[in-house]
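Contents: one structure, followed by commentary.
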Amino acid sequence: MSGAFPVSAEGARKVGFAIAEILKKNKPAPLVAVGRDTRKCGAGLQDEICRGLTGAGARVVCAGICPTPAVVSLIIESGAEAGIMVSASHNPPEYNGFKVFNSDGLKIPQEAEAEIESEFGKSGDLPPPRNGEENGLWKTVYGDALGGSAPEGRDFSGIKIALDCANGAMSEIAPEIFEKTGAALYTIGCEPDGDNINSGCGSLQPAALGREVRRRGAAFGAALDGDGDRVSFCCENGREVDGDKIIALFAAAMVETQTLKKPSVAATVMSNKGLEIFLENMGLKMVRTAVGDRNVADAMKKEGLNFGGEKSGHLIFSDYSTGGDGLLAALLMADMVKEKNKPLSLILPEFDLFPQVLKNVRVRERKSFDSMPGLRGLVAAREKKLGRAGRIHIRYSGTEPLARVLVEGEDESAVNSAAEEIVETIKRAGGAP
């Protein structure tokens, strides 16, 4: 939560200092791009990060409020050695955090995070920030990057589109980009006040977008999250589309247009078995990764893939960007709707999703799952009962004190029963009171 160390003024300063010290091992006076979302506390945290960076001898390009994919574009265009985004992404307004990117615009791996932790805390008294004045360069750089994501002369005139910007970092740039296409655009969540990011809006709360889609008769709706790196979609009937259906739609379109470089798509362990079967029927392999867009991006780079994503809304088109970009995905969705001349529901691929349930358990501490009495035995027994198509995946949230339990199988009652048993076992072992 923002304000609590290390997501505090002192913590931000130490993070900046540590990153600069590490970068200086390979290059004197390294350049770092820094941005933030619309959270009220973000301005102070950004200033302190810049203070730590410059205090250790780094140079800074400070973008101010901008979406995460714009920081990535700024890294690539400016030749920066790293980038930092002050954001808690899709989380509520009271949270904040730091996303760190390398010179390729990729989220740093865990070993790099460990190196930052080892340098953390070595900074002493630092001078005020220098060379950290906010500038609007990112708008041009990011706009140019989006311009290269589809054929020139993109024209969405005649298409009604509803867009939810989550009162976040895309609130200004996303409507501007879409309006240039001639689309009939209807926006919500574009009035950030520092306290309303992701509040009743955005990719995790698409109900308001669904109502706007129905009210306006839009062909589809797109809901971005607070920092703009993920998106969820609604059909013209206002219903949210499952993220695996969206991955399938883009994969099928890329096969049709012969733009998929290899017969493989990267997706996480959270994706439904139904998606995997759908891809197999198209002659495509699903490359499964651990949860997190960083892991998807890493697998794509390793395997030489140009499309992958998470069902939670991170969609990575590596021909255009190294990471998730909700606005890019929304533009590419509009391209398909325009070409097919049909609303979203009529271009979605038809396949069945297996019954799947995801439950969250609030925990006091992150105990090893292996140390929880009876848990591993229960999981093994329930997986056997679920059959060949069943699977169970348990992990901790990367941002909240939650254990996440995913259960999937052909029998819905067996899936629900297994999930309930596992949740109760975790609660007894270490759940929050």
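One is the number of the first residue; the rest follow in order along the sequence.
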For this session: Could you tell me the separation between the CG atom of L284 and the CG atom of L279, rounded to the nearest 0.5 Å?
Result: 5.5 Å
Exercise. Is it true that D104 and K301 make a salt bridge, defined as a side-chain N closer than 4.0 Å to a carboxylate O?
Worked result: yes
Exercise. What's the spacing between L328 CG and F317 CZ if we round to 0.5 Å?
Worked result: 6.0 Å
Exercise. Backbone N or O of G11 within a donor-acceptor pair of the S8 side chain at under 3.5 Å?
Worked result: yes
Problem set entry | Main-chain N/O of D293 paired to E310 side chain as donor or acceptor, under 3.5 Å | yes
Problem set entry | Pair D325, Y142: side-chain N/O donor-acceptor within cut-off below 3.5 Å | yes
Problem set entry | Ion pair D227/K99, N-O distance below 4.0 Å | yes
For this session: Look at atom CD of E113 and say whether more than 12 heavy atoms of other residues, nucleotides or ligands are closer to it than 6.0 Å.
Result: yes
Exercise. Just wondering, are more than 12 heavy atoms of other shown residues or ligands nearer than 6.0 Å to CG in N281?
Worked result: yes
Problem set entry | Atom NZ of K359 with >12 non-hydrogen neighbours under 6.0 angstrom | no
Exercise. If you measure only the distance, is there a donor-acceptor pair under 3.5 Å linking the side chains of S87 and D37?
Worked result: yes
For this session: Would you kindly say whether N360 and R404 are connected by a side-chain donor-acceptor distance under 3.5 Å?
Result: yes
Problem set entry | Verdict with supporting geometry, I173 and M170, side-chain contact (heavy atoms from CB on, under 4.5 Å) | CA-CA 5 Å; I173 188 71; M170 284 284 193; 3.6 Å; yes
Exercise. Under 3.5 Å, side chain of E81 to main-chain N/O of L31, donor-acceptor pair present?
Worked result: yes
Exercise. Between E115 and K25, is there a salt bridge with N-O shorter than 4.0 Å?
Worked result: yes
For this session: Keeping to residues at least two apart or across chains, list the side-chain hydrogen bond (donor to acceptor under 3.5 Å, both in side chains) pairs with something in residues 230-255.
Result: H90-R230, E236-S345, D244-S271, D244-K311
For this session: Please determine if E410 and R388 form a salt bridge, counting it only when a charged side-chain N lies under 4.0 Å from a carboxylate O.
Result: no
Exercise. Checking N198 side chain against N91 main chain: does a donor-acceptor pair fall under 3.5 Å?
Worked result: yes
Exercise. Do the side-chain N and O atoms of S203 and D225 include a donor-acceptor pair separated by under 3.5 angstrom?
Worked result: no
For this session: Mind checking salt bridge (charged side-chain N to carboxylate O under 4.0 Å, His left out) for K261 and listing every partner two or more places apart, or none if nothing turns up?
Result: D319
Exercise. Between the main-chain N or O of N196 and the side-chain N or O of D193, is there a donor-acceptor pair closer than 3.5 Å?
Worked result: yes
For this session: Kindly say whether E191 contributes a backbone atom to a donor-acceptor pair with the side chain of N167 at under 3.5 angstrom?
Result: yes
For this session: Could you pull out all residues at least two apart from D370 that satisfy salt bridge (charged side-chain N to carboxylate O under 4.0 Å, His left out)?
Result: R376
